[in-house]
Amino acid sequence: GAVVSQHPSWVICKSGTSVKIECRSLDFQATTMFWYRQFPKQSLMLMATSNEGSKATYEQGVEKDKFLINHASLTLSTLTVTSAHPEDSSFYICSAYPSGSSSLEQYFGPGTRLTVT
Amino acid sequence: KQEVTQIPAALSVPEGENLVLNCSFTDSAIYNLQWFRQDPGKGLTSLLLIQSSQREQTSGRLNASLDKSSGRSTLYIAASQPGDSATYLCAVRGDYKLSFGAGTTVTVRA
């Protein structure tokens, strides 16, 4: 099956620093990847849609200068949380579907737990 | 804006009982619907995908139905096991993105 990986699986950083999260599609190419965040006991909220070779599309209310997304290749997208603050602490999950897929079935990574102290 | 609702929010059953999880959505113009499983602190595992033209999908003990006109989907899990304990999420795809429900947290008691 299609596998999506994320690195790191958890990270602790100090307030004001930046942290980068990687999302990789291991056995398929993905023109489009998605970034979600999930707060405890809540569902997933889409943050942005990442397209290979072009600028990401951010959902309403998501600060694009704070959450920098780079989709540099067909298998890698990165999310950088800049000048992180405690309220950015959350569970970040990426997903993707194979390029050319007609079903658009999305596969999700294992998530990255970010804690900002 | 698509709104997805899952009822009940939590469910506790004895082992062996069948599970019925409900999902409703407000906009019937969907491309597909996916059911996912999420274990605590983990990512999502895709269980079943139903295209908008389909009425149901089956995989092992799992069966999902879709009634697009009424905006409803139901996930059935037969003969539940303690290993089925998890949160089950329903998500519908509209024009470009998945909209998620809040999930149903299932506990199967041994």
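A quick note: this is a predicted structure, and the numbers were derived from the prediction, not measured. First the proteins, then the strands, lettered A, B, ... as listed; each starts at 1.
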* Asked: A/L44 and B/L44: side chain to side chain contact (heavy atoms under 4.5 Å, CB included), yes or no, with the steps?
  -> CA-CA 10 Å; A/L44 279 72; B/L44 275 64; 3.9 Å; yes
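Of the atoms belonging to A/L104, heavy atoms from both backbone and side chain fall under 4.5 Å from chain B. Heavy atoms of A/Y97 lying under 4.5 Å from chain B belong exclusively to its side chain. Within the 4.5 angstrom heavy-atom criterion, no atom of B/Q6 approaches chain A.
B/Y76 and B/W35 fall into different hydrophobic clusters, defined by Ile, Leu, Val, Met, Phe, Trp and Tyr side-chain heavy atoms under 4.5 Å apart, directly or through other members. Each of B/I50 and B/Y31 belongs to its own hydrophobic cluster when Ile, Leu, Val, Met, Phe, Trp and Tyr are linked at side-chain heavy-atom distances under 4.5 angstrom. A continuous path of ILVMFWY side-chain contacts below 4.5 Å connects B/L75 to B/V106, so both sit in one hydrophobic cluster. Note on A/V19 and A/Y92: same hydrophobic cluster, where clusters join Ile, Leu, Val, Met, Phe, Trp and Tyr whose side-chain heavy atoms are under 4.5 Å apart, directly or indirectly. B/I77 and B/L11 fall within the same hydrophobic cluster, where Ile, Leu, Val, Met, Phe, Trp and Tyr residues are linked whenever their side-chain heavy atoms come under 4.5 Å apart, directly or through other members.
Minimum interatomic distance between A/S43 and B/A102 (heavy atoms only, all atoms of both residues): CB-CA, 3.7 Å.
Close approach to chain B, defined as a heavy atom under 4.5 Å from one of its heavy atoms, is seen in A/E59 of residues 54-85 of chain A, taken by number. Residues from residues 109-117 of chain A that place a non-hydrogen atom less than 4.5 Å from a non-hydrogen atom of chain B comprise A/G109, A/P110, A/R113, given in numerical order.
Atom-to-atom distance recorded for A/Q106:CD and B/N32:CG is 8.5 Å, nearest 0.5 angstrom.
When the candidates B/K42, B/Q38, B/Q51, B/R93 are compared by the number of heavy-atom contacts under 4.5 Å with chain A, B/R93 comes out ahead. When B/V4, B/L98, B/L89 are compared by the number of non-hydrogen pairs under 4.5 Å with chain A, B/L98 comes out ahead.
Under the salt bridge (charged side-chain N to carboxylate O under 4.0 Å, His left out) criterion, A/R24 pairs with A/E22, not counting sequence neighbours. Residues satisfying the ring pair (Phe, Tyr, Trp, His ring centres under 6.0 Å) criterion with A/Y36, sequence neighbours excluded, are A/F108, B/F100.
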